[in-house]
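Chain naming here is simple, since letters A, B, ... match the order of the sequence lines and numbering starts at 1 in each.
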There are 2 protein chains.
Amino acid sequence: MDDVTTAGPAPDQPLPTRDRLILAAASLFRNKGYSGTGLAELLAEAGAPKGSLYHHFPNGKSDLALAAANWASDQMLQLIDASFTPAPRFQEGAKTVCYKLAKLFDMQGKWSGCPVSATLFEGPENEAFHQHAALLFEGWISATVAHAQRLGLAETEAQAAAENFYILLQGGWQLARVRRDSDVIRALHLQICPPMQLQKND
Amino acid sequence: MDDVTTAGPAPDQPLPTRDRLILAAASLFRNKGYSGTGLAELLAEAGAPKGSLYHHFPNGKSDLALAAANWASDQMLQLIDASFTPAPRFQEGAKTVCYKLAKLFDMQGKWSGCPVSATLFEGPENEAFHQHAALLFEGWISATVAHAQRLGLAETEAQAAAENFYILLQGGWQLARVRRDSDVIRALHLQICPPMQLQKND
DNA sequence: GCATCACTGGACCAATCGGTCTATTGCTGT
DNA sequence: ACAGCAATAGACCGATTGGTCCAGTGATGC
């Protein structure tokens, strides 16, 4: 989620070229989309020549996009684990995820979109991208389901709670981006609760 | 939300060129994004030459994108009114919105993204697009707030319920798109309830 | 010292991008 | 019949796109 290279190409480039490419791609794609980001801009941000890109990623832009999405997804998984592991209950873990994400937005000052969806939602023709995005999203959900079960929820409850959480998170992410207000995400935790209490309302 | 022209350019083109351009743009932009859609493809879908585009929309692609987003937003506003007007309570209206949207997805078979966000989320440099997207989203919310108040909710409750509804809808829209399963949106109505009942959980 | 090889730097390419411009078409009012 | 004008049709443009290719470059093993 943090972007080391965004501040500009470091003079002594502490990161290997491959990593700088991935970081630049992850940052640019989720701000301007996959199609909206040109290779020239991407390479300038990473401080790497075109030859390096096609050396590390033989299939070029699309390979890099997958790698960047994987990297961003791993960052999110780490945030999930860091938030839920010390939590006494599911709700507190979910709340911490919201607050950590909101703080990240405030710190970097940029209202980037969800890195996975921004990178990989590229038309119905790009089936491989869609499948990969689905894989990463379900990875977030199943990681959360595992935490939910560990914290005492039954299997079906855990599944419902995790799905509900990411629906809220994605929707809140979007509204927060529209309003440029991280409090939208922080306020989400008010609505995170086991679904059983809600079903009586239907 | 329905797309008359998507089935291919009609031989006797019953719609005026300007409308065909808007419809084609709305359909393509929300499937492939603004940057991901080329003018050539767009004009082929609309069955119009390039001269017509720049006659009806002097600023070209960006003008057309704004018009297409406006059109799509109006469609959504009509769906909101059609759903909430006959509803006895807020929850039933919200449920109807979900079901109508899910049915639209099933009918057209395409898992398009939200037309406004897909069209107008184009990097932080495109401030005009961002502002316009915010305007349209807030339009949906305020229209829903009006219905909520008409259906008996107090002002703060109505605002919270409407915002919560669109957070769920956007998030559910995205998960439904990932899974290509319209039932995700249909299941959302279980979680739509006034926020007061939830605050006790915090 | 030399061969090897991962890596870099960038020239170069065809294709496509969004946009401009002009000629023409066809309806309208007079 | 003719003027006027909105609309259409598409040739054409420079810029930029993603991608290819090859000549270096520098560290490493021998």
Please tabulate the protein-to-nucleotide N/O contacts below 3.5 Å involving nucleotides 16-21 of chain D, giving atom names and distances.
unit_1, atom_1, unit_2, atom_2, d
dG18(D), OP1, Thr37(A), O, 3.0
dG18(D), OP1, Lys61(A), NZ, 2.6
dG18(D), OP2, Leu39(A), N, 2.4
dG19(D), OP2, Tyr54(A), OH, 2.7
dG19(D), OP2, Lys61(A), N, 3.2
dG19(D), O5', Tyr54(A), OH, 3.1
dG19(D), N7, Lys50(A), NZ, 3.2
dG19(D), O6, Lys50(A), NZ, 2.4

**Report entry** Pairs meeting criterion salt bridge (Lys or Arg N to Asp or Glu O under 4.0 Å) with involvement of residues 135-152 of chain A, two or more places apart
**Finding:** Glu138(A)-Arg179(B)

**Report entry** His56(A) side-chain N/O to dA6(C) phosphate OP1/OP2 under 4.0 Å
**Finding:** no

Query raised in the report: Any side-chain N or O of His55(B) less than 4.0 Å from the OP1 or OP2 oxygen of dA7(D)?
Result: yes

Query - Value in whole Å for how far the P atom of dT20(C) lies from CZ of Phe57(B) - result: 15 Å

Requested in this report: Quick one: which residue pairs count as a ring pair (Phe, Tyr, Trp, His ring centres under 6.0 Å) with a foot in residues 88-108 of chain B, not counting sequence neighbours?
Outcome: Phe84(B)-Phe90(B), Tyr99(B)-His189(B), Phe105(B)-Trp111(B), Phe105(B)-Trp173(B)

Report task. Report the residues that fulfil side chain to side chain contact (heavy atoms under 4.5 Å, CB included) with Ala102(A), sequence neighbours left out, ordered by chain and then residue number. Result -> Ser182(A), Ile185(A), Arg186(A)

Report task. With the side chain counted from C-beta on, respond yes when Leu79(A) and Leu104(A) share a heavy-atom pair under 4.5 Å apart, and no when they do not. Result -> yes

Report summary line: Taken in chain and number order and not counting sequence neighbours, the residues that satisfy side-chain hydrogen bond (donor to acceptor under 3.5 Å, both in side chains) with Thr144(A) are Tyr166(A)

Requested in this report: Using atom CG of Leu21(A) as one end and atom P of dG9(C) as the other, report the distance to the nearest whole Å.
Outcome: 11 Å

Query - Whole angstrom value for the distance that separates P of dT20(C) from CG of Asp63(B) - result: 11 Å

Query raised in the report: Should Ser52(B) be listed as having a side-chain N or O under 4.0 Å from OP1 or OP2 of dA9(D)?
Result: no

Report summary line: Rounded to whole Å, the CG-P distance (Leu53(B) to dT8(D)) equals 11 Å

Query raised in the report: Would one find a side-chain N or O of Thr17(B) under 4.0 angstrom from OP1 or OP2 of dA7(D)?
Result: no

**Report entry** Residue pairs involving residues 34-54 of chain A (criterion ring pair (Phe, Tyr, Trp, His ring centres under 6.0 Å); sequence neighbours excluded)
**Finding:** Phe29(A)-Tyr34(A), Tyr34(A)-Phe129(A)

